[in-house]
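The structure appears right after this line, and notes come after that.
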Amino acid sequence: MSQISLTFPDGNQRNYDAGVTPADVAASIATSLAKKAISATVNGAHWDMQWPITENASIAINTMKDDAAALELVRHDLAHIMARAVQEIWPDVKVTIGPVINNGWYYDFDRKAPFTPEDLGLIEKKMKEIINLRDEVRTEVWDRDRAVQHYKDSNEPFKVELIESIPGSDPIRMYWHGHWQDLCRGPHLQNTGQVPADGFKLMSVAGAYWRGDSAREQLQRIYGVAFLNKEALKAHLNMLEEAAKRDHRKLGREMDLFHMQEEAPGQIFWHPNGWKIYTTLQDYMRRQQERGGYVEVNTPQVVDRKLWEASGHWEKYQENMFIVEVDEEHAREKAVNALKPMNCPCHVQVYNQGLKSYRDLPLRMAEFGSCNRYEPSGALHGIMRVRGFTQDDAHIFCREDQIEAETKKFIEFLSAIYKDLGFENFAIKFSDRPDTRSGSDEVWDKAEGALKSATEAAGYEFELNPGEGAFYGPKLEFVLTDAIGRDWQCGTLQVDFVLPERLDANYIGEDGAKHRPVMLHRAVLGSFERFIGILIESFAGRLPFWLAPRQVVVAAIVSDADEYCREVAAALRAKGIRAELDLRNEKINYKVREHSVGKVPVILACGMKEVEDKSVSVRRLGEKQTSVVSLDAIIETLTTESKAPDLA
RNA sequence: GCUGCUGUAGCUCAGUGGUAGAGCGCACCCUUGGUAAGGGUGAGGCCGGGAGUUCAAUCCUCCCCAGCAGCACCA
């Protein structure tokens with residue numbers, strides 16, 4: 001048998017027979033290592049202890065101390081252990097797939113009766129039993145036909161379909177956790193006992209489509225989270241609890257920002273406090289847009305279907321549109337309108353008024369455009385995903401050769417705003433050409449190239465979403481993350497070659513001939529509603545002073561100080577600071593607690609001492625310490641703090 | 001839209017086949033208290049909507065609506 005040379009992390013090399021497994025290698029070093037090993041890293045690849053190594057390679061033996069490898073294996077083995085547990089309890093349940101995800105894993109099952117929360121408890125108990133059995137994990141590569149036959153014999157149709165979709169050149173690998181067998185590419189632990197029995201928890205069960213296809217069977221997906229020990233699991237569950245506390249729906253109620261009700265699903269009733277955030281943010285955006293060279297317009301909400309037919313929305317987007325039919329008494333036919341789901345067609349109408357010259361380009365046309373979309377009921381989520389919302393929308397009409405410069409300018413514009421609003425970090429996703437698209441490959445090449453090089457020139461990296469572009473052009477998406485790690489697309493920039501064509505937008509070039517402009521659809525916040533939701537969660541309700549709906553509460557400690565409190569509040573209001581009075585017949589402790597819970601950034605408490613000194617006792621949100629400062633000083637301080645970042 | 005769960009006072013939630021309860025909040029009274037809940041009294045509910053079973057439904061069944069989790073969707 002031929003020999004191969006394995007190089008260890010410390011640089012040492014040893015020779016082994018070709019086909020040696022990491023288990024053999026570990027055993028050759030120390031029996032204790034062989035026992036506690038969980039996997040190997042061979043030439044950078046995560047390697048099962050049972051897989052043979054046939055060539056010279058670098059090798060590292062992983063133990064539970066190697067967090068990344070250990071977490072992946074633990075979660076992956078738990079997926080198998082859970083599937084085994086489920087089939088041991090309910091032998092007729094069909095298994096499908098069970099990958100590792102963030103913080104844990106899931107496994108999709110086909111079973112008629114739904115899993116109940118009690119079932120999850122049963123499964124968890126069974127899983128712990130399996131772990132305690134310390135069953136050996138074993139693997140074999142099978143012949144494709146044998147694997148298919150096996151799963152046909154054992155009546156596992158989803159597995160048959162999986163095998164048939166594995167490319168012909170790939171091996172079909174089987175794994176056994178004890179007696180229980182599953183198709184799996186591996187790697188896995190050496191035995192089930194290597195899984196920490198107190199480091200995991202089954203979290204929830206929900207429907208999920210087979211292969212992510214809503215036309216296919218709906219399966220039941222059980223989610224679990226897993227960590228290397230009890231403490232880490234506890235920390236994770238704790239984090240989830242903390243995240244739930246900053247849910248914008250909860251804080252929206254507590255801070256009296258908005259509400260929603262059955263009669264208007266997916267639409268927001270803004271209360272005074274919430275609307276103050278909204279208008280403050282809008283005022284800020286308006287100033288930024290003016291500086292950024294945009295002109296602002298406003299266009300109709302209810303627009304005849306003729307325009308939507310021309311734009312292509314009627315054909316491609318109708319099921320997401322609110323259709324408004326009007327029987328006009330004296331009209332000969334029924335007028336059919338739609339609430340605008342997007343602003344772009346209306347903006348082209350504005351653009352098309354009068355002849356445009358190449359000298360007018362780029363023309364950046366902005367609108368705080370109120371849109372309505374009939375979103376699927378299951379998609380609605382607080383104020384983050386709604387049916388009525390306002391975009392900070394703009395369309396840049398430009399020449400093809402201006403795409404790159406405009407894109408770069410936009411990314412810089414957006415990142416400055418995100419920074420002002422407290423988001424230093426955001427992800428950029430780049431979606432390139434989909435299979436069905438309009439426009440020539442040559443034009444797509446140019447547009448994709450322009451977006452990519454503009455992103456790089458602005459100093460950002462992007463993640464590629466292959467084939468996810470719109471049919472009319474490639475796009476950039478700017479993504480922020482909420483309190484529990486869910487991503488929300490906020491900003492976007494989409495190149496559009498199609499709409500100017502469909503709505504016949506043009507400009508007169510230097511050559512005196514008509515040319516077609518390109519449109520860049522772009523938004524920074526995306527929608528005010530979603531963005532405010534993210535702001536609330538990101539700051540856990542403790543908005544920066546300039547955005548806080550209630551900035552100051554002036555609270556009397558004794559009622560003899562009421563008159564002075566009125567003076568203080570009036571003085572602050574004269575400086576444009578949002579100050580409220582609390583002269584209620586309550587103790588200062590009570591008032592402090594209530595306004596702290598209400599996330600008011602500054603409480604100014606006044607008793608007789610303050611009345612006499614013309615001072616205030618300042619308590620900042622989140623600080624236990626108070627300080628007494630003069631009225632003049634606090635007015636000056638808070639006046640400065642109340643300025644929006646662009647005015648400071 | 002799909003699967004599952006949920007819907008009782010403004011909020012958070014108990015509860016029962018014989019039309020309801022707590023805490024907080026709210027109102028009033030007492031209390032003027034120095035930085036995260038002072039005390040008392042009281043008001044407040046078509047038990048999400050509709051139909052059915054029943055002598056009787058908030059409770060059981062069916063349909064609808066809305067919310068929650070996940071999936072799909074987000075051109």
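In this text the structure is predicted, and so the values were computed from the model without any measurement. Letters A, B, ... are given to chains in the order of the sequence lines, protein chains preceding strands, and every chain is numbered from 1. Every heavy atom of this structure was used, including side-chain atoms; hydrogens, water molecules and symmetry mates were not.
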At less than 4.0 Å, is any side-chain N or O atom of Tyr223(A) found next to OP1 or OP2 of C71(B)? Yes or no. yes
Looking at Arg530(A), does any N or O in its side chain come under 4.0 Å of the phosphate oxygens OP1/OP2 on C74(B)? no
Just to verify, which of Leu476(A), Val524(A), Leu520(A) counts as forming a side chain to side chain contact (heavy atoms under 4.5 Å, CB included) with Phe410(A)? Val524(A)
Row check, Phe227(A) ring normal vs Arg75(A) NZ/CZ: under 6.0 Å, within 45°: yes
Could you check Pro114(A) against Ser377(A) and say which one's nearest nucleotide on RNA chain B is further toward the 5' end? Ser377(A)
Any side-chain N or O of Tyr590(A) less than 4.0 Å from the OP1 or OP2 oxygen of G25(B)? yes
Kindly say whether, by distance alone, the side chain of Arg373(A) makes a donor-acceptor pair under 3.5 Å with the base of C73(B)? no
Hey, is the side chain of Arg584(A) poking within less than 4.0 Å of OP1 or OP2 on C26(B), counting only N and O atoms? yes
With a 4.0 Å cutoff (strictly under), does any side-chain N or O of Lys624(A) reach OP1 or OP2 of A36(B)? yes
For Phe423(A) together with Phe531(A), are the ring centres under 6.0 Å from each other? yes
Run through Phe368(A), Phe389(A), Trp275(A) and flag the one making a ring-ring contact (aromatic ring centres under 6.0 Å, His included) with Phe528(A). Phe368(A)
Nucleotide nearest Tyr209(A) when distance is taken to its side chain, options C71(B), G34(B), G70(B): C71(B)
Where each residue is assigned the nucleotide of RNA chain B containing its nearest heavy atom, which of Val628(A) and Asn320(A) is assigned the position nearer the 5′ end? Val628(A)
Among A36(B), A72(B), C11(B), the nucleotide that comes nearest once only the side chain of Val592(A) is considered: A36(B)
Reckon Arg249(A) has a side-chain N or O less than 4.0 Å from the OP1 or OP2 of C68(B)? yes
Check every strand shown and say whether Gly212(A) touches a base, only sugar-phosphate, or nothing at a heavy-atom separation below 4.0 Å. sugar-phosphate
Under 4.0 angstrom, heavy atoms only, what part of the nucleic acid is Met608(A) near: base, sugar-phosphate, or nothing? base
Just compare G38(B), C74(B), C71(B) and give me whichever is closest to any side-chain atom of Ala208(A). C71(B)
The side chain of Glu610(A) lies closest to which of these nucleotides: A66(B), G34(B), U32(B)? G34(B)
What is the nucleic acid contact for Val558(A), judged by heavy atoms within less than 4.0 Å: base, sugar-phosphate only, or nothing? base
Flag if over 12 foreign heavy atoms under 6.0 Å of NZ, Lys126(A): yes
Tell me whether the side-chain N or O atoms of Arg619(A) pair up with the base of A36(B) as donor and acceptor below 3.5 Å, since no angle test is needed here. yes
Below 4.0 Å: OP1/OP2 of G70(B) and any side-chain N or O of His381(A): no
